[in-house]
Number of protein chains: 2
Amino acid sequence: MDIRKRIGLNVQRIRRARGWSQEQFAFESGLHRTYISGIERGARNPTVTVVKDMADALGVTPAALLEYETASAETAE
Amino acid sequence: MDIRKRIGLNVQRIRRARGWSQEQFAFESGLHRTYISGIERGARNPTVTVVKDMADALGVTPAALLEYETASAETAE
DNA sequence: ATGTGACTAATAGTCCGTT
DNA sequence: AAACGGACTATTAGTCACA
């Protein structure tokens, strides 16, 4: 599991738990809508300041976005 | 506490716990010596893949490098 | 409401040094 | 052993038009 994909999954899971669309989350985090899209798909390799911005908007710690307990499947590493 | 400084402190603490110099750590992680220096000083804004590389070399999770429990002082946020 | 390719400005990351 | 600087290339940040 690539760390970019892991972050993408974590962001998407928490964003959906907030009931937000990517556009709403983009507004909350101050990032661009298409950039969020790229992150959730694991297509981007964000810097830690971007991780911090997203974590702040989602109300979680930056570390939480890097963790691997998606509760569900985490077979491959 | 800026997230870059937090990472720098975490990296430095764990690296020293391993008994490694910056040069040794640079070799182990495959990153450049001067770059490690900049990261530990909080002067750099690494990408998540670099965080992963450092975490792997140090034998910790990437999330561990972003956490704020340095056990000691963590007054300012 | 989201995925994607392409694009420019900024900066990540390397390599040469000196202190 | 480590901080720091300058210059350099590769890659990211951030945005857009469009599917």
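Scope of the values below: all heavy atoms of this structure, side chains included, with no hydrogens, waters or symmetry mates. Letters go in sequence order (proteins before strands), and every chain restarts at 1.
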Quick one: list whatever passes side-chain hydrogen bond (donor to acceptor under 3.5 Å, both in side chains) with [X], sequence neighbours left out.
X       : answer
A:Arg44 : none
B:Thr49 : A:Asn45, B:Thr47
A:Thr34 : A:His32
A:Arg33 : none

*Does A:Arg4 place a side-chain N or O at less than 4.0 Å from the phosphate oxygens OP1/OP2 of D:dT11?*
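So the side-chain polar atoms of A:Arg4 never come under 4.0 Å of the phosphate oxygens OP1 or OP2 of D:dT11.
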*Within less than 4.0 Å of OP1 or OP2 of D:dA3, is there a side-chain N or O belonging to B:Ser37?*
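True: B:Ser37 side-chain N/O within range (under 4.0 Å) of D:dA3 OP1/OP2.
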*Out of curiosity, B:Tyr68 OH to A:Thr61 OG1, how far, rounded to the nearest 0.5 Å?*
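Answer rounded to 0.5 Å: 5.0 Å.
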*Rounded to 10 degrees, the angle between the two terminal axes of the helix from C:dT2-D:dA19 to C:dT19-D:dA2, each from five pairs*: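 End-to-end axis angle: 40°.
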Name the nucleic acid region contacted by [X], choosing base, sugar-phosphate or nothing; use a 4.0 angstrom heavy-atom cut-off, strictly under.
X       : value
B:Glu40 : nothing
A:Gln22 : sugar-phosphate
B:Arg15 : sugar-phosphate

*Listed partners of B:Gln22 passing side-chain contact (heavy atoms from CB on, under 4.5 Å), at least two apart*: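 With neighbours one apart ignored, the set is B:Arg15, B:Ile36, B:Ser37, B:Glu40.
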_According to side-chain contact (heavy atoms from CB on, under 4.5 Å), who are the partners of B:Ala57, at least two apart in sequence or on a separate chain?_
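B:Phe25, B:Glu28, B:Ser29.
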*Nearest-Å distance, CD (B:Gln12) to C1' (D:dA3)?*
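Rounding to the nearest Å, CD of B:Gln12 and C1' of D:dA3 are 12 Å apart.
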*Would you call B:Arg6 and B:Asp2 a salt bridge, using N to O less than 4.0 angstrom?*
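No salt bridge links B:Arg6 with B:Asp2.
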_Test item: A:Ile14 and A:Leu65 side chains (from C-beta on) under 4.5 Å apart, heavy atoms_ =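 They are in side-chain contact.
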*asked:* Could you tell me if the side chain of A:Leu66 sits less than 4.5 Å from the side chain of B:Lys52, heavy atoms only?
replied: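 Heavy-atom side-chain distance check fails, nothing below 4.5 Å.
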*Establish whether B:Val60 and A:Val51 are linked, either directly or via other cluster members, by ILVMFWY side-chain heavy-atom contacts under 4.5 Å.*
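Yes, because B:Val60 and A:Val51 connect within a single hydrophobic cluster, where side-chain heavy atoms sit under 4.5 Å apart.
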N/O to N/O distances under 3.5 Å, protein versus nucleotides 13-16 of chain D:
from	atom 1	to	atom 2	distance (Å)
D:dA13	OP1	A:Tyr35	OH	3.2
D:dA13	OP1	A:Thr47	N	2.6
D:dA13	OP1	A:Thr47	OG1	3.2
D:dA13	OP2	A:Tyr35	OH	2.3
D:dA13	O5'	A:Tyr35	OH	3.2
D:dA13	N7	A:Arg44	NH1	3.1
D:dG14	N7	A:Arg44	NH1	3.4
D:dG14	N7	A:Arg44	NH2	3.2
D:dG14	O6	A:Arg44	NH2	3.0
D:dT15	O4	A:Arg44	NH2	3.2
D:dC16	N4	A:Thr34	OG1	3.0

*asked:* Of all nucleotides in DNA chain C that come within under 4.0 Å of a heavy atom of chain B, which is furthest toward the 5' end and which toward the 3' end?
replied: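 Range of nucleotides within reach of chain B: C:dA12 to C:dG17.
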